[in-house]
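Accompanying notes for the structure given below.
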Number of protein chains: 2
Amino acid sequence: MTDDRWVAPAVLLAVDLVILTLRRSRLHVLLVERGVEPYRGASALPGGFLRHPEEDLTAAAHRELSEEANLDAETLRLEQLGVYGEPGRDPRGRVVSVAYLAIAPRLPEPTAGTDAADARWQPVDRVLSGELELAFDHRRIVADGVERARVTLEHSAIATAFCGPIFTITELQEVYEAVWGIPLDPRNFYRKVQKTDGFIVPVGSARKAATGRPARLFKAGPRAVLYPPMVRPAESSSTEEQ
Amino acid sequence: MTDDRWVAPAVLLAVDLVILTLRRSRLHVLLVERGVEPYRGASALPGGFLRHPEEDLTAAAHRELSEEANLDAETLRLEQLGVYGEPGRDPRGRVVSVAYLAIAPRLPEPTAGTDAADARWQPVDRVLSGELELAFDHRRIVADGVERARVTLEHSAIATAFCGPIFTITELQEVYEAVWGIPLDPRNFYRKVQKTDGFIVPVGSARKAATGRPARLFKAGPRAVLYPPMVRPAESSSTEEQ
DNA sequence: TAGCTTTTTGTCAATCTGACAGAAATAGCG
DNA sequence: CGCTATTTCTGTCAGATTGACAAAAAGCTA
């Protein structure tokens with residue numbers, strides 16, 4: 001951070017939000033329909049410019065979330081995902097965008113806010129496959145956010161945040177399956193989760209279910225970082241070997 | 001990324017660089033002595049403002065690196081570390097800084113460039129302990145960079161980049177020990193590295209050493225992502241349990 | 001040749017993983 | 001009430017991995 005005698009050029013700073021949740025056992029991302037140009041009518045991540053030059057970035061992120069999707073942003077823990085500042089990514093000029101990621105429990109259907117014509121949950125598959133096109137470079141941002149979520153699930157107990165306050169082990173497994181996009185063995189998952197110390201704690205030996213054997217209920221444990229981590233089965237080598 | 005009819009406020013955008021290397025088995029970070037206000041004379045990370053509004057962020061990072069430290073930046077793979085945009089972090093006004101991280105082999109002693117009065121390697125310990133004070137929030141950025149490097153070492157083969165093109169397993173171990181800050185068992189390390197497929201490949205059964213048994217030589221293997229990862233021994237639980 | 005140092009090869013018990021069998025608990029149905 | 005379907009939970013078992021440690025191998029030096 002050196003400075004110049006030269007006047008430093010200013011750029012437009014924006015925040016974009018990748019809000020992930022689980023609906024019907026599928027990973028969904030919150031999208032808005034743009035109400036203004038450019039990309040008017042297209043789907044995009046919620047977000048927007050800083051309101052004033054002194055606005056804090058996370059504050060701006062929370063503000064945009066409530067403005068555009070009427071979601072109670074206070075309860076979401078926003079994690080910085082990255083900066084997207086490639087010249088030309090926005091037709092209006094140089095816009096640098098800071099992306100934030102949040103992983104959320106089943107959230108209510110959002111209602112359109114002031115800036116966006118509409119706000120709704122869309123399956124990430126539709127976005128990643130390209131079936132649903134997004135404005136700007138938002139598809140890339142979603143992809144990065146999903147990958148981050150996958151890694152985060154391995155090392156942190158955040159998966160419990162996808163569930164309600166009380167959940168069964170099967171429900172927790174469905175979170176992992178949905179985010180990782182692969183099926184897991186229920187018995188091994190059960191064992192692993194149970195003996196990962198501090199991950200989940202049993203809550204009143206209650207029960208549940210509609211058709212099978214009643215499942216025990218748990219709540220999130222005190223540990224935030226999982227050690228050893230949940231290991232995601234190998235899929236393919238990043239670089240071919242030999 | 002919604003826009004306003006309101007004129008969006010512009011902020012000053014800067015890049016900061018955390019360049020890590022190994023010198024005498026200790027992790028060092030590249031620092032410059034600031035030649036201008038604010039914090040004139042204090043140590044700081046190399047970096048600076050965008051030169052013009054259309055400059056690419058990574059291009060700016062590479063430019064600053066060569067300007068301030070005369071390092072051949074082309075060979076370094078810069079990885080985005082995060083955004084530091086807290087209001088008030090820079091006395092000149094609202095400055096948002098994008099931090100980049102690079103992990104590098106033994107680099108030459110840098111020479112001061114145009115903007116910085118001096119550029120040199122400093123042990124990260126001295127920075128993290130607070131013994132050496134840095135300008136702005138750069139100590140925090142260094143801390144984040146070191147932690148990122150530690151995690152990266154677990155999952156990627158980047159550790160080989162700290163060594164020269166040809167190295168011994170002991171040299172590779174010293175990289176892990178320096179970055180992780182803990183000692184490792186040579187025999188178990190040897191075994192683990194050897195059977196992590198594609199990590200390192202033996203190069204001509206040459207030898208080396210001055211005092212003990214000659215060590216075999218290796219070069220970086222084709223695999224960039226390590227699976228299974230190198231596991232860093234547990235240190236302490238992030239959240240107390242029970 | 002003996003001693004020192006460092007690298008390399010083993011050993012062993014404990015733990016973890018992946019695959020799978022089968023018991024337990026409930027609802028629905030004839 | 002007994003049977004079946006379904007889901008949850010408890011085991012088992014072989015193979016791989018880990019951490020701790022012993023000891024051989026290969027040089028250099030005295």
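Computed over heavy atoms, backbone and side chain alike; hydrogens, waters and symmetry mates excluded.
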Q: Verify whether one side chain among A/D144 and A/Y84 offers a donor that lies under 3.5 Å from an acceptor in the other.
A: yes

Q) Nearest heavy-atom pair of A/V193 and A/M230: which atoms, and what distance? A) CG2-CE, 3.9 Å

**Q.** Contact boundaries on DNA chain C for chain B, cut-off under 4.0 Å to non-hydrogen atoms
**A.** C/dT5 to C/dT11

Q) Has A/E133 got more than 12 heavy atoms of other residues, nucleotides or ligands less than 6.0 Å from its CD? A) no

(Q) Between B/R89 and B/D16, does any NZ, NE, NH1 or NH2 come within less than 4.0 Å of an OD or OE carboxylate oxygen? (A) yes

Detail all sub-3.5 Å separations between protein N/O atoms and N/O atoms belonging to nucleotides 1-4 of chain D.
none

Q: For the residue pair B/Y176 and B/W180, categorise the inter-ring angle as parallel (less than 30°), tilted (30 to 60°) or perpendicular (more than 60°).
A: perpendicular

**Q.** Distance-minimising heavy-atom pair for B/A104 and B/F162
**A.** O-CD2, 3.1 Å

Q: Identify, residue by residue, the members of residues 149-168 of chain A with a heavy atom below 4.0 Å from DNA chain C, and return them in order of residue number, or none.
A: none

**Q.** Under 4.0 angstrom between A/Y190 side-chain N/O and D/dT8 OP1 or OP2
**A.** no

(Q) Between A/E147 and A/R232, is the salt bridge (Lys or Arg N to Asp or Glu O under 4.0 Å) condition met? List the steps. (A) CA-CA 12 Å; A/E147 178 54 29; A/R232 173 165 48 150; 3.5 Å; yes

Q. Hey, what do you get for CH2 (A/W121) to CD1 (A/I19), rounding to the nearest 0.5 Å?
A. 6.5 Å

**Q.** A/L27 versus A/V179, closest heavy-atom pair with distance
**A.** CD1-CG2, 4.0 Å

Q.
At under 4.0 Å between heavy atoms, how does the protein contact nucleotides 17-27 of chain D? Give one character per nucleotide, 5' to 3', with B, S or -.
A. -BBBBB--BBB

Q) Salt bridge check: are A/D118 and A/R120 linked by an N-O gap of less than 4.0 Å? A) yes

Q) Axis-to-axis angle across the helix from C/dT1-D/dA30 to C/dG30-D/dC1, five pairs an end, to 10 degrees? A) 20°

**Q.** Verdict with reasoning, A/S43 to A/L132, per side chain to side chain contact (heavy atoms under 4.5 Å, CB included)
**A.** CA-CA 8 Å; A/S43 288; A/L132 179 60; 4.2 Å; yes

**Q.** A/K192, NZ atom: more than 12 neighbouring heavy atoms under 6.0 Å
**A.** yes

Q: Not counting sequence neighbours, list each pair that qualifies as a salt bridge (charged side-chain N to carboxylate O under 4.0 Å, His left out) and has a residue in residues 167-188 of chain B.
A: B/E171-B/K208, B/D185-B/R187

Q.
Using a 6.0 Å cut-off, check whether atom CD of B/Q122 has over 12 heavy atoms from anything other than its own residue.
A. yes

**Q.** Closest non-hydrogen atom pair, B/V175 against B/C163
**A.** CG2-SG, 3.7 Å

